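Encoded as structure tokens, the structure appears first; notes follow it.
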There are 2 protein chains.
Amino acid sequence: MKYPEILSNLIEDLKMLPGVGEKTAERYAFSLLEKTKEDRESFITSVKNLDKLRKCSICNYITEDEICSICSDKSRNNKILCVVEDAKTVLLFEKMGTFKGQYHVLNGLISPIDNIRPEDLNIPTLIKRVIDGGHTEVILAIKSTIEGETTSSYIKRLLKDSNVLVTRIANGIPIGAEIDYIDSMTLEMAFENRNELV
Amino acid sequence: MKYPEILSNLIEDLKMLPGVGEKTAERYAFSLLEKTKEDRESFITSVKNLDKLRKCSICNYITEDEICSICSDKSRNNKILCVVEDAKTVLLFEKMGTFKGQYHVLNGLISPIDNIRPEDLNIPTLIKRVIDGGHTEVILAIKSTIEGETTSSYIKRLLKDSNVLVTRIANGIPIGAEIDYIDSMTLEMAFENRNELV
């Protein structure tokens, strides 16, 4: 005895979502089953609409058009470029709202173990963009994992001969966090990057 | 600056899944965006197919036909009925595999607070089924919450005058669980229901 095939197919499909295993997929499937036909149709339409999205031909952020809303925004500073791992981070920064430059989405990080090379990412387009664009600053907003560090130093190296200032966002203690719970690497960085109180 | 509308619509729809908030919905939406068009189509088809499922006219379990595979299985004992809250529990018991009787799915529990009355559930159909069916035993496999207890005693009361034996599945300590971590109500039940070692 197993699920009706319709349900087990849906459960299999739901398991492609990140972090969703058998139990959660079952729960979602039953929940979708309990919804009205209209709710499910709205859901289906939303998923179908994803086909309309593509990557901005300049920065790789998601867009419905050739060029995304950020790249085509003339009011933004096009001399400062923030390099991020994925489109989600762009959104996070935009929610923060203080950065008014432009972005470049790498679509991943260099990882020899997973066989992800710089050419598999949007690194060549980044270098070309910076060299052609006369940017004054490239901010690397990439996490401090082995892959992140590798990617950061690789980009730094390729931009060495250009005049652009390459910076990275600060490591340190999150606001409000208990210092006792912070790992020693982060503490070390926090000491190193200490600021004068003004 | 916000998500492209296509993405924010999908995020809203994903939030109708149980336990899915903004963050998880965002994660799922981006994951769906990264999938191939084919994967998404398979997913859409699976959701759409849910429209084909309905409730068994005898027991309310999910089925593609008028009567579900369990009710139409002649090899099962149709004199023993197991009463459960929802279709998911049926599946759990079927995975266990030892119960060979039939089921009755209530589709919820009595809850005056949420204004769920016996008539809103499949309780009247249960009573009629048992009285007409000449069942020998009705096993209540309902959780021990206030709503569960209310529902169990309500059913017990309605079946008082019939000849059927009404039982409930045992409360006790889960196999492998640390006794220190079990609540006192469960411990009390476990003592009360103790068995002779044989």
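Note that the structure is a prediction, hence the values are computed from the model and not measured. Just so it is clear, the values below take in all heavy atoms, side chains as well, and ignore hydrogens, waters and symmetry mates.
Using a 4.0 Å cut-off between charged side-chain N and carboxylate O, A/Lys52 and B/Glu5 make no salt bridge.
By the 4.5 Å heavy-atom criterion applied to side chains, B/Glu66 and B/Arg54 are counted as neighbours.
Of the listed residues B/Glu34, B/Glu26, B/Lys35, the one with more heavy-atom pairs under 4.5 angstrom with chain A than any other is B/Lys35. Contact count against chain B (heavy-atom pairs under 4.5 Å) is highest for A/Val47 among A/Val47, A/Thr45, A/Ile62. Looking only at heavy-atom pairs under 4.5 Å with chain B, the residue among A/Leu32, A/Asn9, A/Asp51 that has the most is A/Asp51.
Heavy atoms of B/Asp39 lying under 4.5 Å from chain A belong to its backbone as well as its side chain. Looking at A/Lys55, only its side chain comes within 4.5 Å of chain B, counting heavy atoms on both sides. At a 4.5 Å heavy-atom cutoff, B/Glu12 makes no contact with chain A through either its backbone or its side chain. Contact of B/Tyr28 with chain A is made through backbone and side chain together, with heavy-atom distances under 4.5 Å. Residue contact with chain B, scored on non-hydrogen atoms closer than 4.5 Å, involves the backbone and the side chain of A/Phe43 alike.
Residue A/Leu106 holds its CG atom at 12.0 Å from CG of A/Asp120, rounded to the nearest 0.5 Å.
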Query raised in the report: Taking it one step at a time, do A/Glu22 and A/Lys15 satisfy salt bridge (charged side-chain N to carboxylate O under 4.0 Å, His left out)?
Result: CA-CA 7 Å; A/Glu22 187 76 24; A/Lys15 277 154 75 178; 2.7 Å; yes
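In the model, A/Asn49 has no side-chain atom that pairs as donor or acceptor with a side-chain atom of A/Ser46 under 3.5 Å. A donor atom on one side chain and an acceptor atom on the other are found under 3.5 Å apart for B/Ser42 and A/Asp13.
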